[in-house]
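In listed order, ligands and their atoms are each counted from 1. The shown structure was predicted, so the numbers you read here are calculated from the model rather than taken from an experiment.
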Amino acid sequence: MLDLQAVEAQLTGSRLRGPLLYRAQTTSTNDDAMALAASGAGEGTVLIAGHQTAGRGRRQRVWLSNPDHSLLFSIILRPALPAAEFPRLVPLIGIAAAEACAAAGASEVRLKWPNDVLISGRKVAGILVETRVPEFAVAGIGFNVLGSACDLPVELHATATTLAEQVARPDREQLLAAFLNALDTWYCQLLAGQWPQILTRRRELEMTLGQTRTIQTGDTAITGRITDLSPEAGLVIETPTGQRTIEVGEVL
Ligand code: BTN
């Protein structure tokens, strides 16, 4: 169980202040939040689960976690943005998640495009943003908090970490409040038209800049040197056949 009052007591934002709804177990907080949003739930509503039986990741993957070891939640957003600008929410959520880890005491927190949160090169959190444009977006985040990466499925042992491996006293209430406070700040900036500042911050956090990597986009894998983020936070890469911009995909 999460102490929701302790989370609420730490909220400092003006816009994203709950309500905070907790379920000991659910299929997926994103599913719950999408359904609640479709039935009219307000912006800032947060669905938190102690355990998910059908957690979803990006690209149709499953998101596995041990009961009560993670911070699993989804937040409903109703941004007054043109449809074309809804994808800007993706880097925004990544920034807030990275800053929440830093507020928890982690150093070396970076993002791997498009939106994996890594500490010292290992994934500590995943983000799944789903939208019903132009009405709402649901941002679901799963932080590995307690235990060690060895408690996760064996295929993740080499690439994942938990907050407990990185900071002295991981605190899920503090982590959730820090995320909501950071998101509130960046979200207000987004709505105020300050996308350039957000892009600058997102660029600062990107760990793959300057690296030669393979990027999966649709059915195609492209290898090249990642030189920059594009004006919409896509990846700019130099390949043997010239410069390309990839807006949707994943750095492998
Ligand atoms: C990824 O890295 O592939 C994204 C993982 C997103 C997982 C979170 S956990 C809370 C929310 N509910 C879900 O079913 N998925 C997201």
Side-chain angles (χ1 to χ4, degrees), residues 2 7 16 18 20-38 41 44-77 87 89-98 100-101 109-119 121-132 136-147 149 151-153 155-163 170 172-173 175-176 178-180 183 205-208 215-217 248-252:
L2 214 70
V7 179
L16 305 177
L20 309 179
L21 309 173
Y22 180 84
R23 290 178 182 167
Q25 179 170 305
T26 189
T27 52
S28 153
T29 57
N30 262 42
D31 291 347
D32 294 345
M34 288 297 281
L36 269 185
T45 302
V46 181
L47 275 291
I48 309 151
H51 182 52
Q52 294 184 133
T53 54
R56 295 188 286 110
R58 281 185 291 113
R59 302 166 69 86
Q60 273 81 51
R61 286 190 288 244
V62 291
W63 181 259
L64 296 168
S65 53
N66 291 322
D68 300 312
H69 275 58
S70 302
L71 175 62
L72 308 167
F73 66 97
S74 302
I75 181 167
I76 297 172
L77 300 171
L89 292 169
V90 173
L92 202 76
I93 304 293
I95 293 169
C101 291
V109 187
R110 308 296 294 276
L111 294 173
K112 178 162 86 78
W113 190 88
N115 232 1
D116 288 344
V117 187
L118 287 89
I119 303 179
R122 289 168 176 254
K123 182 164 170 172
V124 73
I127 294 168
L128 177 66
V129 179
E130 299 180 295
T131 57
R132 197 167 96 180
F136 61 80
V138 162
I141 300 98
F143 288 96
N144 305 327
V145 181
L146 303 176
D151 303 326
L152 295 167
E155 62 271 24
L156 301 177
H157 289 182
T159 55
T161 189
T162 67
L163 216 50
R172 287 185 294 174
E173 285 82 2
L175 184 65
L176 177 55
F179 172 85
L180 293 173
L183 183 59
L205 288 166
E206 179 57 43
M207 62 165 288
T208 65
I215 298 109
Q216 186 76 39
T217 175
V248 179
E250 178 166 277
V251 177
L252 298 179

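Considering Ile141, Val7, Val145 as possible partners of Leu175, the one that fulfils the side chain to side chain contact (heavy atoms under 4.5 Å, CB included) test is Val145. Put simply, the residue from Leu128, Val129, Ile76 that forms a side chain to side chain contact (heavy atoms under 4.5 Å, CB included) with Val138 is Ile76.
Using a 4.0 Å cutoff on heavy atoms, Arg59 does not count as a contact of ligand 1.
With hydrogens and angles disregarded, a donor-acceptor distance shorter than 3.5 Å links the side chain of Asn66 to the backbone of Asp151. Of the possible polar contacts, one joining the Lys112 side chain to the Val251 backbone as a donor-acceptor pair under 3.5 Å is found. With hydrogens and angles disregarded, no donor-acceptor distance shorter than 3.5 Å links the side chain of Asp116 to the backbone of Lys123. Between the His157 side chain and the Leu152 main chain, a donor and an acceptor come within less than 3.5 Å of each other. At distances below 3.5 Å, at least one donor-acceptor pair connects side-chain atoms of Arg172 with backbone N or O atoms of Ser70.
Nearest protein neighbour of atom 9 (S) of ligand 1, counting heavy atoms only, is Gln52 NE2, 3.5 Å. Nearest protein heavy-atom contact of atom 5 (C) of ligand 1 is Trp63 CE3, 3.4 Å. Looking only at heavy atoms of the protein, atom 2 (O) of ligand 1 is closest to Lys123 NZ, 2.7 Å.
Atoms of ligand 1 lying under 4.0 Å from at least one heavy atom of Gly142, given by number and element, are 8 (C), 9 (S). In the vicinity of Arg56, heavy-atom distances shorter than 4.0 Å reach the ligand 1 atoms 5 (C), 6 (C), 7 (C), 13 (C), 14 (O), 15 (N), 16 (C). Listed by atom number, the atoms of ligand 1 under 4.0 Å from Gly57 heavy atoms are 1 (C), 3 (O), 4 (C), 5 (C). Annotation for ligand 1: atoms under 4.0 Å from non-hydrogen atoms of Gly55 are 14 (O). Heavy-atom contacts of Thr29 reach the following atoms of ligand 1: 10 (C), 11 (C), 12 (N) (cutoff under 4.0 Å). Interface atoms of ligand 1 facing Ser74, defined by a heavy-atom separation under 4.0 Å, are 11 (C). Using a 4.0 Å cut-off to heavy atoms of Arg58, the atoms of ligand 1 that qualify are 1 (C), 3 (O), 4 (C). Of all atoms in ligand 1, numbered sequentially from 1 with element shown, those under 4.0 Å from a heavy atom of Phe73 are 10 (C).
Inter-residue side-chain proximity for Thr26 and Leu47 is flagged as unmet; no heavy-atom pair is nearer than 4.5 Å. Proximity of Leu16 to Val46: side-chain heavy atoms (C-beta onward) are nowhere separated by under 4.5 Å.
Ring geometry, Phe179 versus Phe73: the interplanar angle exceeds 60°, so the pair is classed perpendicular (tilted spans 30 to 60°).
No part of Asn115 comes within 4.0 Å of ligand 1, judged by heavy-atom distances. At a heavy-atom cutoff of 4.0 Å, ligand 1 is contacted by no atom of Asp31, backbone or side chain. Neither the backbone nor the side chain of Ser65 has a heavy atom within less than 4.0 Å of ligand 1.
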